[in-house]
Amino acid sequence: MLDIQQLRTDLENIASRLTKRGYTFPVMQFNSLEAQRKSIQTHTQELQAKRNATSRQIGIAKQKGEDVTAIMTEIAHLGDELKQAENQLEHLQTELQQILLTTPNLAHDSVPEGNSEADNLEIRRWGSPRLFDFAIKDHVAIGEQLRLLDFETAAKLSGARFNVMKGGLARLHRALAQFMLDTHIQEHGYTEVYVPYLVNADCLRGTGQLPKFEEDLFIAHPGGNSHPDSAILTDQDSCKLHLIPTAEVPLTNMVRNEIIPREQLPLKFVAHTPCFRSEAGSYGKDTRGLIRQHQFDKVELVHIAHPQESYEALEQLVSHAEKILQKLELPYRVMALCTSDMGFSAAKTYDIEVWLPAQNAYREISSCSNCEAFQARRMQARFRNEKGKPELLHTLNGSGLAVGRTLVAILENYQQADGSVTIPSVLQSYMGGLDRLTIEGGK
RNA sequence: GGAGAGAUGGCCGAGUGGUCGAAGGCGCUCCCCUGCUAAGGGAGUAUAGGCUCAAAAAGCUUAUCGAGGGUUCGAAUCCCUCUCUCUCCGCCA
């Protein structure tokens, strides 16, 4: 959420900066609502002040035993007038709030301008793609031939965009998550956190998924839709829980409505969770394989930082995610997303893209963003600054990494001519010493 | 699932219709006193808005006592709904 003060005083500048992100801010509507809000709020508060003063007088008069009927008749219709004004004001505030809640964050000055992902800027590359002297298979072919990856069974259980992994592959998947968590808590100073996978609407509003992107989420009603309360309470947040689309949501919302002591900053959290996404807008995209699933695991990194330190924190966050790929010896590149390619809440985003031989391309495996105060303002997440006053924090998040996609990268980059897959050396201890996935070993 | 108790400022805690944004205490900040330390005296100490103002400062003002409704001229206080916490019983991975 943007700062409404800033919008009032610097509207044209902000609107033009949002245009660079491909967002058209409703300037006229905002101005008109603001003008109305101003006059009606002033009017409302005058009426409230009058009511308060009069009521106080009545109290004093009654204590003295004086007759109050004169004062009472004087403000007889104040109540109705006030109620009407309050209703109008509330209506306007809601509309303004709606605009604020659906306006994306402003891009940081260092973000490259652009109209599509083609305008993203490559920052650096690490490693070089392996040369193959046999026909490269994609991860689906590799996994299915090893009989460790089973989309047919997954479809029977749940439908498209789900997967079933077995044997060594399931274990490798688990090993990856463990390895990532261990690296972040032991080498990068993160606090491991276990979080709920179902969260309330306030959380999703806090991180920016709601109200704009509800169609991307899965919703869970207690007792399902036949729940006796669901008919009446459908619109209320209380009976609606959403499956988390990323652990960013619960991790970041841990500081919602909190004031964090300065000396505790930065907070660095890591969690391994499943993520659930409806992928409503991506029909026909990445339909093959593990790349785009309704359910996938991710190890998520979140920083809660002092505003002056958040851009330094972003660089650290990216380097922490990169470290995982380096240890796994997977080639990757780091991209600075351009203005039009960034997510709703981000002020600046780096994507890490891993090399996938079968696609002959780098594909996103991590996205690391500094949201500055955008989420913190929605969440009222603050710290006590040097003057002792509460001030909005900066929040950052990044994948460290997406486990499913990392698995894809390992299968494809470590595939062998005989159809087996060697296991990266850092993972072998997590696999009971196993160094290779084979058909025989998968049983 | 059954029975009961509760939710007040950074913390503890008083407050059951009227100058209550809220006593008192702790903590914190500043000042005074004091060889040092300890003790003592005084002042201050919530948050988010709005308006005035070029701006700062300041002033005026509104809202907030778990959340949302209601009653009332007036609600921390009364009524309703919800959420959460605690105690006891039952059930349970």
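Here is how names work: the chains are called A, B, and so on, in the same order as the sequence lines, proteins then strands, and each is numbered from 1.
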Between the protein and nucleotides 6-14 of chain B, list the N/O to N/O atom pairs that are separated by less than 3.5 angstrom.
none

Taking the six-membered ring for Trp and the single ring otherwise, decide whether the centroids of A:His303 and A:Tyr190 are under 6.0 Å apart. yes
Would you call A:Arg205 and A:Asp202 a salt bridge, using N to O less than 4.0 angstrom? yes
Here the ring pair (Phe, Tyr, Trp, His ring centres under 6.0 Å) pairs for residues 60-80 of chain A, sequence neighbours left out, are none
Per atom distances to the A:Lys62 side chain, the nearest of B:C73, B:C51, B:U71 is B:C73
Could you provide the dot-bracket string of RNA chain B, using ( ) for intrastrand pairs, [ ] for crossing pairs and | for bases paired to another strand, with Watson-Crick or G-U pairs below 3.5 Å? ((((((((.[[[..)..(.....]]]((((((.......))))))(((((((.....))))))).[[[[[..)....]]]]])))))))....
Are the aromatic ring centres of A:Phe374 and A:Phe344 under 6.0 angstrom apart? yes
As a test of understanding, state which of A:His272, A:Arg405, A:Arg174 forms a side chain to side chain donor-acceptor pair (under 3.5 Å) with A:Asp297. A:His272
To the nearest 0.5 Å, what is the distance between CG (A:Leu401) and CG (A:Leu325)? 5.0 Å
Run the salt-bridge test on A:Lys50 and A:Glu81 with the 4.0 Å N-O cut-off and return the result as yes or no. no
Rounded to the nearest 0.5 Å, what separates atom CG in A:Leu317 from atom OH in A:Tyr350? 11.0 Å
Closest nucleotide of RNA chain B for A:Gln63 versus for A:Leu78: which of these residues is on the 5' side? A:Gln63
All pairs passing side-chain hydrogen bond (donor to acceptor under 3.5 Å, both in side chains) where residues 389-401 of chain A contributes a residue, at least two apart: A:Glu248-A:Asn397, A:Ser310-A:His394, A:Gln375-A:Thr395, A:Asn385-A:Glu391
Take A:Gly59 and A:Asp3, find for each the nucleotide of RNA chain B with the closest heavy atom, and name the residue whose nucleotide sits nearer the 5' end. A:Gly59
Under 4.0 Å protein heavy-atom contact, by nucleotide of nucleotides 57-66 of chain B - B base, S sugar-phosphate only: ----SSS---
To the nearest Å, give me how far apart CG (A:Leu241) and C1' (B:U83) are. 12 Å
Distance-only check: which donor-acceptor pairs under 3.5 Å involve side-chain atoms of residues 100-113 of chain A, not counting sequence neighbours?
from	atom 1	to	atom 2	distance (Å)
A:Thr102	OG1	A:Gln98	O	2.8
A:Thr102	OG1	A:Ile99	O	3.3
A:Thr103	OG1	A:Ile99	O	2.6
A:Asn105	ND2	A:Ser345	O	3.0
A:Asn105	ND2	A:Cys371	O	3.2
A:His108	ND1	A:Ser110	N	3.2
A:His108	ND1	A:Ser110	OG	2.7
A:Ser110	OG	A:Lys348	NZ	2.7

With heavy atoms under 4.0 Å as the rule, sort A:Lys38 into base, sugar-phosphate or nothing. sugar-phosphate
Looking at B:U71, B:G18, B:G49, which one has an atom nearest to any side-chain atom of A:Gln41? B:G49
Any salt bridge between A:Arg292 and A:Glu279, counting N to O under 4.0 Å? yes
Separation of B:U83 C1' from A:Arg256 CZ (nearest whole Å): 13 Å
A:Gln93 has an atom CD; how far is it from atom P of B:A48, in whole Å? 16 Å
